[in-house]
Amino acid sequence: MTLVPSVGMDIAAVTDLVHEVAVEVVLPRWRTLRSDEVVEKAPGELVSVVDRDAEVILTRQLQGLLPASVVVGEEATAANPALLAAIGSEPVVWLVDPIDGTANFVDGSSDFAVMVALVRHGVTVAAWIDRPADRCAYVAERGSGAFVAGRRLLCTPPPRFEELRGAALTRLLDEGQRQAVRCLGQQIALLGPGRVCAGVDYPLIAEGAQDFVLFMRSLPWDHAPGALILNEAGGYVGHLDGAPYLPGNPRLGLLASAGRATHADVSRALLGCGYSVTTG
């Protein structure tokens with residue numbers, strides 16, 4: 001796995017870049033942030049000076065690797081939401097989440113990641129998730145598999161529904177949706193109480209440590225990297241009606257799972273418990 005053929009991108013060059021930013025920019029500030037270096041950009045949404053610094057560096061370096069590309073970063077989009085349109089209008093787009101799990105990062109938890117995805121004509125063709133505090137980095141290329149430390153990832157869902165283990169990000173759910181999740185938890189194991197983090201939970205499914213995770217929002221920088229890694233490991237990421245996830249689709253309600261059968265089983269159980277994205 002060396003190149004993304006459709007754009008001629010060297011996978012290793014991006015892997016090295018993401019890792020360099022993760023260990024030289026992000027990791028040194030872990031557990032050292034001052035209170036004045038963190039603000040709430042929206043209710044319940046934190047951003048730190050490290051998020052912004054890392055995104056500026058990644059943006060400059062990624063554009064240097066592909067000069068004709070456009071970078072859509074989480075923090076840049078927070079300042080200019082019109083940037084999101086590039087995913088559907090530009091042929092080559094980088095998606096950047098400089099720190100996924102900022103709240104965890106601020107609290108001193110190791111559950112955070114630096115994430116990048118490369119999107120060509122609306123389809124994710126390569127993805128990187130680097131978790132510097134846990135010393136692991138995940139890489140995937142469309143059609144070539146997903147890897148961590150040179151080891152190919154393969155999902156291993158349990159054979160029976162009752163054996164499934166998963167998680168749900170409930171912070172953005174309304175009471176009806178939370179009640180449906182509690183109903184699901186009476187049928188299968190829901191993990192917790194830690195904060196759900198896409199940069200952690202997607203790889204956990206790909207490695208077989210859990211079987212699914214439920215999200216309300218489908219922001220592209222949150223999900224494009226993990227979705228490609230999980231899909232390349234044999235998993236499936238889609239909406240509760242089975243429609244596949246696409247990075248340019250803002251549709252609510254997203255279930256990442258260890259395979260299509262797991263996705264169908266969990267979706268059916270949630271809908272049977274009264275879960276509805278129309279109320280989210």
Exercise for the section: Among residues two or more places apart or on two chains, list those pairs meeting ring-ring contact (aromatic ring centres under 6.0 Å, His included) that have a residue in residues 229-274. Expected result: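 Those involving residues 229-274 are Tyr236-His263.
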Exercise for the section: Please identify each residue that fulfils side chain to side chain donor-acceptor pair (under 3.5 Å) with Glu74, with sequence neighbours left out. Expected result: Lys41
Taking C-beta and beyond as the side chain, do [X] and [Y] meet within less than 4.5 Å on heavy atoms?
{"X": "Asp134", "Y": "Phe112", "answer": "no"}
{"X": "Leu62", "Y": "Ser69", "answer": "no"}
{"X": "Tyr275", "Y": "Leu184", "answer": "no"}
{"X": "Val148", "Y": "Pro203", "answer": "no"}
{"X": "Arg29", "Y": "Val49", "answer": "yes"}

Problem - Side-chain ion pair, Glu175 and Arg182, N-O less than 4.0 Å - result: yes
Problem - salt_bridge(Glu45, Arg217) N-O dist < 4.0 Å - result: yes
Practice task
Quick one: sort the Trp94 and Trp128 rings into parallel, tilted or perpendicular, breaks at 30° and 60°.
Solution key: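 Ring orientation, 0 to 90° scale: tilted.
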Short question: side chain of [X], backbone of [Y] - any donor-acceptor pair under 3.5 Å?
{"X": "Thr124", "Y": "Ala126", "result": "no"}
{"X": "Asp211", "Y": "Gly166", "result": "no"}
{"X": "Asp100", "Y": "Ala198", "result": "yes"}
{"X": "Thr77", "Y": "Gly73", "result": "yes"}
{"X": "Glu90", "Y": "Val92", "result": "no"}
{"X": "Ser48", "Y": "Glu37", "result": "no"}
{"X": "Glu55", "Y": "Arg52", "result": "no"}
{"X": "Asp241", "Y": "Ala243", "result": "yes"}
{"X": "Arg165", "Y": "Ala209", "result": "yes"}
{"X": "Arg31", "Y": "Gly108", "result": "yes"}

Is [Y] reachable from [X] through a run of I, L, V, M, F, W or Y residues, each pair having side-chain heavy atoms under 4.5 Å apart?
{"X": "Ile99", "Y": "Leu95", "result": "no"}
{"X": "Met115", "Y": "Ile11", "result": "no"}
{"X": "Phe105", "Y": "Val23", "result": "no"}
{"X": "Val125", "Y": "Val119", "result": "no"}
{"X": "Val39", "Y": "Leu46", "result": "no"}

Say you draw a straight line from [atom1] of [X] to [atom2] of [Y]; how long is it, rounded to the nearest 0.5 Å?
{"X": "Ile229", "Y": "Phe147", "atom1": "CD1", "atom2": "CZ", "value": "11.5 Å"}
{"X": "Leu270", "Y": "Gln187", "atom1": "CG", "atom2": "CD", "value": "8.5 Å"}
{"X": "Asp130", "Y": "Glu20", "atom1": "CG", "atom2": "CD", "value": "11.5 Å"}
{"X": "Leu255", "Y": "Ser218", "atom1": "CG", "atom2": "OG", "value": "13.0 Å"}
{"X": "Ser257", "Y": "Leu214", "atom1": "OG", "atom2": "CG", "value": "11.0 Å"}

Locate the shortest heavy-atom distance separating [X] from [Y]; write the atom from each residue and the value.
{"X": "Leu173", "Y": "Arg178", "answer": "O-NE, 3.2 Å"}
{"X": "Ala167", "Y": "Asp201", "answer": "CB-OD2, 4.0 Å"}
{"X": "Gly235", "Y": "Cys155", "answer": "N-SG, 3.7 Å"}
{"X": "Leu230", "Y": "Ala256", "answer": "CD2-CB, 3.8 Å"}
{"X": "Pro98", "Y": "Ala54", "answer": "CB-CB, 3.9 Å"}
{"X": "Thr262", "Y": "Pro157", "answer": "OG1-CB, 3.5 Å"}

Heavy atoms of other groups near [X] [atom1], more than 12 under 6.0 Å:
{"X": "Arg260", "atom1": "CZ", "result": "no"}
{"X": "Arg142", "atom1": "CZ", "result": "no"}
{"X": "Arg135", "atom1": "CZ", "result": "no"}

Handout entry: Donor + acceptor pair across side chains of Glu232, Tyr138 (<3.5 Å)
Key = no
Exercise for the section: Apply side-chain contact (heavy atoms from CB on, under 4.5 Å) to the pair Val25 and Val114, showing each step before the final yes or no. Expected result: CA-CA 11 Å; Val25 179; Val114 178; over 6 Å; no
